[in-house]
Amino acid sequence: MSADSVSLSTVQDCLKCDKLLSSVSDSARLDIELLLCKALDCSRTYLYGWPEHELTQEQQQAFRLLLGERQSGRPVAHLLGNREFWSLPLKVNDSTLIPRPDTEILIETALALNLAADTKLLDLGTGTGAIALALASEYSGWDILAVDLAEAAVELARDNVKSLGFTNVKVQQSNWFTVIEPQRFNIIVSNPPYIDSSDPHLKQGDVRFEPSSALIAKDRGFADLFSIIDISRHFLAVDGWLLLEHGFEQGVEVRKKLYECGYHCVETRLDYSGNERVTLGQYSGAGL
């Protein structure tokens with residue numbers, strides 16, 4: 001059944017369209033509510049308070065178009081133009097990854113380190129700026145530099161910084177460390193590309209609409225992870241921390257590489273599904 005074949009006269013009619021998304025979404029009802037709110041420019045509370053509200057022809061057309069796009073698999077975040085992360089409303093587009101809930105594990109891990117109020121942080125591959133901005137929201141005194149290779153992602157992150165009003169986050173275009181001036185950070189964080197090019201998940205869900213450059217890494221997905229572990233030693237202060245998000249089967253090799261490069265206090269945190277997701281290590285100052 002297509003979006004063109006159903007009645008969308010009232011709010012209640014529209015809410016019944018969740019069955020049209022059952023094959024593309026695990027949260028079809030929520031998707032419908034969010035798309036309908038966008039078409040009507042209203043809150044979700046309004047939908048339940050006024051189920052008999054009749055949509056104008058313009059509203060019906062707007063919702064029908066959104067519904068059709070979602071049926072094709074396009075992510076809700078792209079259709080709405082935003083996604084909440086760490087309670088922050090972030091603008092999103094197809095230039096970079098959509099922030100995922102599991103990445104909040106990295107935020108929780110960084111906060112648990114109890115770093116100084118004047119900590120210097122580097123966020124590699126910032127995308128929307130989600131990680132940098134989440135940490136900036138917790139520590140206004142931190143000096144945060146966020147970098148990304150993609151010009152469009154840099155523009156998006158800067159837009160989010162401006163929209164949220166943070167003054168302690170600077171966004172710069174850089175291929176990892178290439179244009180970063182020599183300096184030492186107390187903590188480096190990154191959610192780099194870590195998926196192997198042959199991974200079947202690349203043909204499923206939201207990732208089909210996200211840039212492969214933000215997803216795929218060479219050497220079975222380890223190339224960027226290992227490069228960051230190696231080069232970070234030149235940019236970390238002694239006893240500085242490196243935090244990396246990675247694939248659920250990559251923890252063992254990431255920990256091994258950290259030890260090989262002179263890091264200690266190496267640990268891995270689990271995501272909300274119980275999979276290994278974030279590994280951290282403290283740089284001892286040795287191993288260069």
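The figures that follow rest on heavy atoms only: side chains count, while hydrogens, waters and symmetry mates do not.
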Using atom types as modelled and distance alone, determine if a side-chain donor or acceptor of [X] lies under 3.5 Å from a backbone N or O of [Y].
X: R29; Y: L15; result: yes
X: N82; Y: K91; result: no
X: S43; Y: Y46; result: yes
X: Q59; Y: A39; result: no
X: N175; Y: T178; result: no
X: R158; Y: V171; result: yes

Can you give me every donor-acceptor pair (side chain of residues 216-224, partner residue at least two apart or in another chain, under 3.5 Å) with its distance?
| from | atom 1 | to | atom 2 | distance (Å) |
| --- | --- | --- | --- | --- |
| R220 | NH1 | E253 | OE2 | 3.3 |
| R220 | NH2 | E253 | OE1 | 3.2 |
| D224 | OD1 | W176 | NE1 | 3.2 |

Got a list of side-chain donor-acceptor pairs under 3.5 Å for residues 110-118, not counting sequence neighbours?
none

Side chain to side chain donor-acceptor pair (under 3.5 Å): pairs with one or both residues in residues 127-145, sequence neighbours excluded: W86-E138
Same cluster or not: are [X] and [Y] linked, directly or through other Ile, Leu, Val, Met, Phe, Trp or Tyr residues, by side-chain heavy atoms under 4.5 angstrom apart?
X: V11; Y: L35; value: yes
X: W241; Y: F185; value: no
X: V92; Y: I131; value: no

Distance-minimising heavy-atom pair for Y272 and E108: OH-OE2, 3.1 Å
Straight-line distance of L244 CG to T279 OG1, nearest 0.5 Å: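 L244 CG to T279 OG1: 7.5 Å, rounded to 0.5 Å.
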Residue pair T103 / E245, side-chain donor-acceptor N/O under 3.5 Å: yes
Side-chain H-bond candidate by donor/acceptor type, S273 with N275, under 3.5 Å: no
Chi angles and distances behind the side-chain contact (heavy atoms from CB on, under 4.5 Å) call for H78, I98: CA-CA 8 Å; H78 286 173; I98 300 167; 3.7 Å; yes
Note, F177 side chain near L124 side chain (heavy atom, < 4.5 Å):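 The answer is yes; the side chains approach within 4.5 Å.
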Y283 ring center near H264 ring center (under 6.0 Å):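 Y283 vs H264: aromatic centres not under 6.0 Å.
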